[in-house]
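Below: the structure, in structure tokens.
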Amino acid sequence: MDLAAGVLGGDRLQLARVISYIEDDEPAGAEALAALYAHAGHAYRVGVTGPPGTGKSTLVNRLALHLRAQGWGEGDSLEGERPRVAIVAVDPSSPFTGGAILGDRIRMRDLSGDPGIFIRSMATRGQLGGLARTTADVVTALDAAGFGVVLIETVGAGQAEVDIAKTAQTTIVVDAPGLGDDVQANKAGILEIADIVVVNKTDLPGAENTLRALRLSLEMNAPRAAKDVGKDELPPEPVWSVPVLGTVATKGEGVPALAQALAQHRAFLQSSAALQEQERAQIRDRLERLLAERLLARFMSQGNELRIEEQLDRVLAREITPYQAAQALLQAEEHLSQKR
Ligand SMILES: Nc1nc2c(ncn2[C@@H]2O[C@H](COP(=O)(O)OP(=O)(O)OP(=O)(O)O)[C@@H](O)[C@H]2O)c(=O)[nH]1
Ligand SMILES: [Mg+2]
């Protein structure tokens, strides 16, 4: 049984199996990935993130339905294309309960039966760093399986979301009115990763305020405007100005406009060199993480566990700083490897 061939041939069961192997860190997962990697790189990867409960799952659900039924919308190069859509819901905050699971059930009801849609939800197993890596691998498998769009939903507003968003080409940050200042997306700093901002639940009171506040913070943090670029310099790079869109996901309102904004952002990426640069930066980031992980694992396996404990004791006693401890450990390691 060749798993990779099954995935490439459109076998959903084999695809689900490969994803499970990837999640469980089974060698069969790595083996399938190695065979699938060359076939990936065609999907449009879209991250959807934001504070809990803002309606991300509902929105993703509607967006998937819209793309399947109507495609991207008018006025762009992607017009008429009705992509197959894969949804990956990642829930770093709550392994057992929470929105990903609930959202999944709603999706099952609305989206099941369409072979052009594939849904997978993933809960935390182990570290968040591991989750970001697993997500990237799952997305690769879906990409190789021929899904034209992969929507990656993450809950929350922390580093895990930022890391997972690094897998995406376009990142949508979903906010909602009435969350209170402490959870508002702009306060949490995730606006920085947004290519498109959505204020969902605009049927609720306070929507206008939220829209206005977000537009204002984006304006203040906007990259230098074209007018600031010196006249003698090279022509200015095209600048993407982040749109702030209102939606009512439960009714599908604003979803066509969101699909169009996505198509526009993708066209923007393709027209500039941004897409290739982004791809290279994302792969570099992954490579460095893997290297760091493996170097640390190797370091640990060479009997350094005890030495680390010793250094830890000294740092705890404030005899040395963590920097000095790391330095001492590296020196001991170099000394040993010279003797080996
Ligand atoms: N009034 C209103 N309610 C909405 C809208 N969109 C979603 N909801 C409701 O908001 C609640 C949360 O929706 P979800 O789609 O699960 O939100 P989420 O952001 O995926 O939630 P987590 O994954 O738990 O962070 C549900 O009860 C939805 O029915 C909307 O546009 N207006
Ligand atoms: Mg959700």
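Just follow the structure's listing: the first ligand is 1, and inside any ligand the first atom is 1.
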Any idea which of P177, A176, G53 brings a heavy atom closest to atom 25 (O) of ligand 1?
-> G53
Atoms in ligand 1 flagged as close to E153, the criterion being non-hydrogen separation under 4.0 Å = 20 (O), 23 (O)
Does CD belonging to E333 count more than 12 external heavy atoms closer than 6.0 Å?
-> yes
Residue from R266, R45, Q278, H265 passing side chain to side chain donor-acceptor pair (under 3.5 Å) with T170 = H265
Based purely on interatomic distance, does T54 place a nitrogen or oxygen under 3.5 Å from a nitrogen or oxygen of ligand 1?
-> yes
P52: numbered ligand 1 atoms lying under 4.0 Å from its heavy atoms | 25 (O)
Without hydrogens or angle criteria, can the side chains of R215 and T210 be said to hold a donor-acceptor pair below 3.5 Å?
-> no
Candidates K201, K56, E253, K251; heavy atom nearest atom 9 (C) of ligand 1 found on K201
Between V248 and ligand 1, find which residue part has any heavy-atom pair under 4.0 Å and reply side chain, backbone, both or neither.
-> both
Between the side chains of T54 and D175, is a donor N or O closer than 3.5 angstrom to an acceptor N or O?
-> no
Between P51 and ligand 1, does any nitrogen or oxygen pair lie at a separation below 3.5 Å?
-> no
Of the non-hydrogen atoms in A32 and A4, which two are nearest, and what is the gap between them?
-> O-CB, 4.2 Å
Pull out every atom of ligand 1 sitting under 4.0 Å from any heavy atom of T250, numbered as shown with elements.
-> 4 (C), 5 (C), 6 (N), 7 (C), 8 (N), 29 (O), 30 (C), 31 (O), 32 (N)
Vertex the Mg ion (ligand 2), rays to OE2 in E153 and OG in S57 - rounded to 10° = 80°
Between D11 and Q14, is there a donor-acceptor pair closer than 3.5 Å when you use the side chain of the first and the backbone of the second?
-> yes
Taking atom types as modelled, is there a side-chain donor on Q282 or T167 under 3.5 Å from an acceptor on the other?
-> no
The Mg ion (ligand 2) contact by T58, N, O or S atom under 2.8 Å = no
Check L59 against ligand 1 and report side chain, backbone, both or neither, counting heavy atoms closer than 4.0 Å.
-> neither
Is F299 atom CZ crowded by more than 12 heavy atoms from other residues, nucleotides or ligands, each under 6.0 Å away?
-> yes
